[in-house]
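Here the structure comes first, spelled out in structure tokens, and everything after it is commentary.
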Amino acid sequence: MTNMTNFLRSLLLSIIFSFIAPMFLFGGVLLTLSLISYVPGLQEVTQVVTTLIKEFLCIFGSGTPVGGLFVICSTFSFVGALFDTYAYYRCQILR
């Protein structure tokens, strides 16, 4: 029973971390761009890059960047769960 508890805990943690990682990535890039936009002469460049990122997220979110971010995070979470399940399976076979 402890193996199953350890597996479920590992699976839950990998799902959570895989979901949060793209949020930090996109959030960090957008935060950095917004801070760089205060530098004179770089406003236009950061505005173009920010618009491109938001358009990229809109593609996956049916027109909303937040929806796109949620879809990307959910996909990463699913792949993280599959990878953790595979790693657990391989660990059980190699014992």
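Worth saying up front: this structure is predicted, and the values here are computed from it rather than measured.
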query: In terms of hydrophobic clusters joined by side-chain contacts under 4.5 Å, are M23 and L31 together?
result: no

- line: Joining Ile, Leu, Val, Met, Phe, Trp and Tyr whenever any side-chain heavy atoms lie under 4.5 Å apart, the cluster holding V48 also takes in L52

field: Spacing of L30 atom CG and T46 atom OG1 [to the nearest 0.5 Å]
entry: 11.0 Å

field: Residues which pass side chain to side chain contact (heavy atoms under 4.5 Å, CB included) with I20, listed by chain and number, not counting sequence neighbours
entry: I16, F24

- request: Determine whether more than 12 heavy atoms belonging to other residues, nucleotides or ligands lie under 6.0 Å from atom CZ of F76.
  value: no

F78 CZ to S18 OG distance, which is reported to the nearest 0.5 Å: 12.0 Å

task: Count the heavy atoms of every other residue, nucleotide or ligand shown that sit under 6.0 Å from CD of Q92, and state whether that count exceeds 12.
output: yes

Show me the side-chain donor-acceptor pairs of residues 53-68 shorter than 3.5 Å, one per line, residues at least two apart or across chains.
unit_1, atom_1, unit_2, atom_2, d
T64, OG1, G61, O, 3.2
T64, OG1, G67, N, 3.3

task: Decide if atom CZ of F7 counts as having more than 12 heavy atoms of other residues, nucleotides or ligands within a radius under 6.0 Å.
output: yes

- request: Check whether any side-chain N or O of D84 sits under 3.5 Å from a backbone N or O of L11 as a donor-acceptor pair, and report yes or no.
  value: yes

Reported OG-to-CG distance for the pair S10 and N3, which is rounded to 0.5 angstrom: 12.0 Å

task: Report whether Y88 and L8 are members of the same hydrophobic cluster (ILVMFWY, side-chain heavy atoms less than 4.5 Å apart, transitive linking).
output: yes

query: Given side chains that start at C-beta, do those of L82 and Y86 come closer than 4.5 Å, heavy atoms only?
result: no

task: Going by the side-chain contact (heavy atoms from CB on, under 4.5 Å) test, name the single residue among V49, V45, L42 that passes it with I36.
output: L42

- request: Output the distance between atom CD (Q43) and atom OG1 (T50), rounded to the nearest 0.5 Å.
  value: 11.5 Å

Rounded distance (nearest 0.5 Å) linking atom OG of S77 with atom CD1 of I72: 13.5 Å

query: Would I15 and F17 show up in the same hydrophobic cluster when neighbours are defined by side-chain heavy atoms closer than 4.5 Å?
result: no

message: Apply side chain to side chain contact (heavy atoms under 4.5 Å, CB included) to residues F19 and S74 and explain how you reach the verdict.
response: CA-CA 6 Å; F19 189 86; S74 298; 3.8 Å; yes

